[in-house]
Amino acid sequence: MDKIVENTETDLNEILRIRREKLEALKQEGRNPFDITRFDREYTAKEILDNFDSLQNKEVSLAGRIMAKRIMGKASFCHIQDGLDRIQLYVRIDELGEDTYSEFRKYDIGDIVGVTGFPFITRMGEKSIRVKSIVLLTKSLQVLPEKFHGLKDMDLRYRQRYVDLIVNPDVKSVFITRANIMKAIREFMHSLGYLEVETPVLHNQATNANARPFATYHNTLNIDMYLRIELELHLKRLIVGGLDKIFEIGKVFRNEGMDTRHNPEFTLMELYEAYADMYTMMERAEQIFCYIADNVSGTRKIDYQGQIINVEAPWRRLTMIEAVKEYSGVDFDSFTLDDAAARAAAKKHNVRIEKHWNWGMILNAFFEEYAEKNLIQPTFIYQYPIEISPLAKRNKEKPHLTERFEFFVLGNEMGNAFSELNDPVDQRERLIAQAKSKFGEYDFTIDDDFINALEVGMPPTGGMGLGLERMIMLFTNSTSIRDVMFFPTMKPESNG
RNA sequence: GGGACAUUAGCUCAGGCGGUAGAGCACUUGACUUUUAAUCAAGGUGUCCGGAGUUCGAGUCUCCGAUGUCUCACCA
């Protein structure tokens, strides 16, 4: 331990060494900035800039991080930045006195200061503060990235998000928008009378969904546990319990590959409404997107990478069979449930399939191969095949299809909804069928307590899951899921 | 998992055919009382991602590895 500290201290380059020496000198004089516990600031930079006329020439106090510094002999300018904005300081030796002014000259970019002074406008027309007093609140011992180019290295930006946030203003605005979206969603759900609930993250079984879970271990109970991959089964238990309109927003964890649209942990929102169905959920999806558009973006026509995405309701609705017919020319209605004909069509149209796949699975493969990428504007795809939809009610007229939809924006899945299956006998059979067709390296178990809940009785219910990062990507014009998460999953850096 | 590309000073980046490592910002010293990528003068700054190899000599060429970006595959 001591050795590590010693090494880092002796390896310091000149810049870092000088900053530590400056801090040491302050400590010697009994003026250690880290001893200061508070600074009473009356205004943020943004408040001063927004209310400049009424504050001009009145004394104000504010605080922030020094971002730029221009020393010109007996007067200097610098910019300080706080949570939302930055403002220029004008510092004169005849206002601070020689001692304080020479201290100020030693401040570094990155240091945090508290200031009192008077708002005024410079000769060049910039709203500024003429400083009356200034105090060093925090000494920065590291060097911030260059003022003009900022921090560009994506690796460093993700690993040191705190630096990214300081020097790249757009980053902060993405996360402010993210927070506003989360707030808007909750507002909207509350306005409809939904109750926000929380269910366990640690699960006993890796149930439901096709994703592989992260496994962990409980020492005292002496059992394996799994980080959740969905919220669904607990939320439906609450519907059984009589909480008729509920939603949860929480992290789920999927032990799979990573790319610009997948992070191992991500934020899932699920909502359930008793006495409602899939069509209610279509309405909810449209309402949620329009509410966010109105309250966060200010328009229902969202500019995403030069494309205009119109979230205005109603969205286009296509059955999966219609979508496949439109984008591949193959009509699955003309050979309903004929596995051999489906396989022949797959071969003819170069759709990769597994040997054991049947008509429904091949229909889904056609959809993913031909249709999905074309669904740029918000589009509902409904009537999913039953084999891949173990939690959705059957369609009454076509029992091989289900009352399930997903909706797509920019060619990406954004949400998944059902008229929830509440028949406990059918549910058990369908979960067993799914378990049998599964041949992974982990055991797929049936959640018997969930079946028991359905036996107690769940009302007809509509439910939906939304991947919130993908939605946030749309509203923040972001091309990678990592850009809308503060700390995306990263491999540890190699230590050589 | 496959492919392409990247990794050089704290940051952003140059480094032609293999010959002792470069710029700007930042930093230090000095000048400058309305500057704003301040300016002017002088100065210091390195595990060239790691390891091995070829060579008299490797930031540069070869191989192995690490991390990242993009992309394809897999995966709701």
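Naming: A, B, ... by sequence-line order, numbering from 1 per chain.
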Return yes if the base of B:rU35 and the side-chain atoms of A:Arg70 contain a donor-acceptor N/O pair under 3.5 Å, otherwise no.
yes

Whole angstroms only, please: what is the CG-C1' distance between A:Asn168 and B:rU12?
12 Å

Residues which pass side-chain hydrogen bond (donor to acceptor under 3.5 Å, both in side chains) with A:Gln28, listed by chain and number, not counting sequence neighbours:
A:Glu24

Touch check for A:Ile71, heavy atoms < 4.0 angstrom, all strands: base, sugar-phosphate only, or nothing?
base

Applying side chain to side chain contact (heavy atoms under 4.5 Å, CB included), name anything that partners A:Glu98, two or more places apart in sequence or on another chain.
A:Ile93

Residues two or more places apart in sequence or in another chain: which of them pass side chain to side chain contact (heavy atoms under 4.5 Å, CB included) with A:Leu141?
A:Arg19, A:Arg20, A:Leu23, A:Lys139

Identify which one of A:Tyr382, A:Tyr279, A:Phe380 satisfies the ring-ring contact (aromatic ring centres under 6.0 Å, His included) criterion when paired with A:Phe405.
A:Phe380

Can you name the nearest heavy-atom pair linking A:Thr138 to A:Pro33, along with the distance?
N-CB, 4.2 Å

Is the base of B:rC48 syn or anti, where syn means the angle lies within 90° of 0?
anti

Please check if the number of heavy atoms outside A:Met72 that lie under 6.0 Å from its CE is greater than 12.
yes

If you only use heavy atoms from C-beta on, which nucleotide in B:rC75, B:rU69, B:rU12 is closest to the side chain of A:Met154?
B:rU69

Reading RNA chain B from 5' onward, which residue's closest nucleotide shows up sooner: A:Lys491 or A:Asp153?
A:Asp153

Would B:rG16 be called syn or anti here, given the cut-off of 90° from 0?
syn

Of the options B:rU33, B:rA38, B:rU36, whose atoms approach the side-chain atoms of A:Ile93 most closely?
B:rU33

Could you give the CG-to-P distance, from A:Asp259 to B:rG1, as a whole number of Å?
14 Å

On a whole-Å scale, what distance lies between the C1' atoms belonging to B:rC5 and B:rA21?
24 Å

Pairs under 3.5 Å (N/O, protein and nucleotides 27-30 of chain B):
unit_1, atom_1, unit_2, atom_2, d
B:rU28, OP1, A:Lys22, NZ, 2.7

Just how far, in rounded Å, is P of B:rU33 from CG of A:Leu96?
15 Å

What stems, by residue range, does RNA chain B take part in, given at least 3 consecutive Watson-Crick or G-U pairs under 3.5 Å?
B:1-7 with B:66-72, B:10-13 with B:22-25, B:27-31 with B:39-43, B:49-53 with B:61-65

Could you list all the salt bridge (charged side-chain N to carboxylate O under 4.0 Å, His left out) pairs where at least one residue sits in residues 369-395 of chain A, not counting sequence neighbours?
A:Arg394-A:Asp426

Among B:rA37, B:rG68, B:rU34, the one nearest A:Phe77 by side-chain distance:
B:rU34

